[in-house]
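Here the structure comes first, spelled out in structure tokens, and everything after it is commentary.
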Amino acid sequence: MLEKLKNIEKNALEKLTSVSSIDGLEQWRIEHLSRSSEVMGVFSQMGALSKEERPIVGQEANKVKQKLEGAFVEKNDILKQEALEISLSSEVIDVTLPGRKARPGGLHPATISIRKVLGILADMGFQTYTSRDIETDEMNFQALNFPPHHPAREMQDSFYIDAENRGDNPMLLRTHTSPGQVRAMREYAAADPQNPPSVRIALPGMCYRYEQITARSEVQFYQVEGLAIGKNITYGDLKGTLADFARRMFGVNARVRFRASYFPFTEPSAEMDVECFVCGGKGCPVCKNSGWLEILGSGMVHPVVMQNGGYDPTVYSGFAFGMGPQRQTMLLHKMNDIRYFWGNDIRFLQQF
Ligand code: PHE
């Protein structure tokens, strides 16, 4: 038995000299030190030995086991050191090279444009009011004085939501921010129904229209709506406020003009143009030679809408306007394709 132990030790140590990798060393450990190895086999054969032999063989077997374990640790250290030296000499790091620049992130141009408009309106006393993206037909159209089946609805083809059968009041993605007018008025009026407070708010948000995507129209875009309700608010207030807005937005010399228009929820209605800031009004491709750029829709809040909002139209009056801040950005930067906004082309986004 003692002879056998000597051979086990000699054989194992001999094999260890030819081990040259961490993987090979693991193989060696399994073969020579695991439960099924020869040394461990000696321990399980002890029962067959005489009482006198047992301690002697046991001691010797333990010595061999410890020797092999020690040899394993030593070899492991050597192999690790070798691996470290190889990686140190092959993977040279040049600490004198300049680092890679981290590019700072930035706001999306559509976000910049909506914040600019909201900032100006805030300076003018319009508090931001956020309404919902998913609306009912009732709020998006009916409360705004669009009668059912009225052809004016076709100005704004809608994404209807097929969630449940809601008869003639289906859910849809808002086609404009105007339904927020009625929601806000109702909330303000609820505070004091007999004597509702005046309102001066800006309603920003995404709008959605079921349209062919082209250079000039997208299926989703931002709008910012303005609403002012109070006693004795006149059409003169509307004109003065919007002309002031244009000067703050496009420069102190910005000239504006109002053209009669039609919206079911305002009466009278007007669109506001600003003198083309590309050609100074002389006529160019951006203004299609008209000298003017269309900027927003506006009008005096219709009595029906006023009533739907909880305000008595014989006591209160007000004006509303709605604009597309992305369109203003396009005009300011002479962008010729609206699809750049959601195109996610980093070369476009980095310019802002
Ligand atoms: N909601 C109208 C649109 O989407 C714009 C508008 C808002 C017009 C408020 C008048 C008053 O075109």
Side-chain angles (χ1 to χ4, degrees), residues 113-114 117-118 121 124 126 128-129 131-133 135-147 150-159 172-185 199-211 216-229 233-235 237-243 245-246 256-274 293-306 308-309 311 313 316-328 330 338:
S113 63
I114 201 166
V117 169
L118 286 176
L121 290 175
M124 296 171 68
F126 289 83
T128 299
Y129 183 101
S131 189
R132 57 182 75 182
D133 284 36
E135 269 298 359
T136 58
D137 185 275
E138 183 189 355
M139 296 303 289
N140 195 80
F141 292 122
Q142 294 165 44
L144 289 167
N145 199 32
F146 286 82
H150 191 277
R153 284 172 179 240
E154 278 161 33
M155 287 160 73
Q156 304 179 357
D157 286 317
S158 317
F159 283 113
L172 52 86
L173 300 180
R174 67 172 165 203
T175 58
H176 52 171
T177 43
S178 302
Q181 287 186 28
V182 183
R183 290 200 182 274
M185 281 162 79
V199 178
R200 211 194 296 174
I201 53 169
L203 303 129
M206 194 67 85
C207 301
Y208 309 83
R209 290 187 195 173
Y210 182 50
E211 282 187 75
R216 297 171 58 82
S217 65
E218 255 289 3
V219 290
Q220 64 178 85
F221 54 90
Y222 281 125
Q223 274 194 352
V224 176
E225 186 104 358
L227 176 69
I229 305 281
I233 290 184
T234 66
Y235 193 80
D237 294 319
L238 177 156
K239 286 184 82 173
T241 302
L242 293 179
F245 170 80
V256 294
R257 73 174 184 188
F258 291 83
R259 279 180 295 107
S261 183
Y262 172 76
F263 301 102
F265 38 94
T266 47
E267 181 59 35
S269 305
E271 277 168 307
M272 185 178 83
D273 298 340
V274 62
L293 300 167
E294 185 197 316
I295 292 298
L296 53 80
S298 65
M300 299 306 287
V301 178
H302 195 286
V304 168
V305 177
M306 201 76 97
N308 287 335
Y311 283 73
Y316 292 87
S317 59
F319 63 84
F321 53 92
M323 64 185 95
Q326 289 167 266
R327 191 183 131 71
Q328 294 173 8
M330 289 180 72
I338 197 172

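Read the numbers this way: they start at 1 and go in the same order the structure lists the ligands and their atoms. Computed from a prediction, not measured in an experiment: that's the story for all the values here.
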For ligand 1, does Phe321 get within less than 4.0 Å through its side chain, its backbone, both, or neither, judged by non-hydrogen atoms?
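Looking at Phe321 and ligand 1, just backbone atoms fall under 4.0 Å.
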Where on Ser298 is there a heavy atom closer than 4.0 Å to ligand 1, on the side chain, on the backbone, on both, or on neither?
backbone
[X] heavy atom under 4.0 Å from ligand 1:
X	value
Gln223	yes
Phe319	no
Arg209	yes

Using atom types as modelled and distance alone, determine if a side-chain donor or acceptor of Asn140 lies under 3.5 Å from a backbone N or O of Thr175.
yes
Under 3.5 Å: donor-acceptor pair, side chain of Asp157, backbone of Glu211:
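No; judged by distance alone, with no hydrogens or angles, the pair does not exist.
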Option among Phe263, Phe265, Phe321 that satisfies the ring-ring contact (aromatic ring centres under 6.0 Å, His included) test with His176
Phe265
Mind listing the closest non-hydrogen atom pair of Leu121 and Ala202 along with its distance?
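Of all heavy-atom pairs spanning Leu121 and Ala202, the closest is CD1-CB, 3.9 Å.
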Shortest non-hydrogen separation from Ser158 to Phe141 and the atoms involved
OG-CZ, 3.5 Å
Taking CZ in Arg216 as the centre, count heavy atoms belonging to other residues, nucleotides or ligands within less than 6.0 Å. Is the count above 12?
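Not buried by this count: 12 neighbours or fewer within 6.0 Å.
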Show me which atoms of ligand 1 lie under 4.0 Å from any heavy atom of [X].
X	value
Gly322	6 (C), 7 (C), 9 (C)
Phe265	1 (N), 2 (C), 6 (C), 7 (C), 8 (C), 9 (C), 10 (C), 11 (C)
Ser178	1 (N), 7 (C)

Looking at Arg183 and Glu135, is any side-chain nitrogen of the basic one under 4.0 Å from a carboxylate oxygen of the acidic one?
yes
Mind checking whether His176 has an N or O less than 3.5 Å away from an N or O of ligand 1?
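In this structure, His176 places an N or O atom under 3.5 Å from an N or O of ligand 1.
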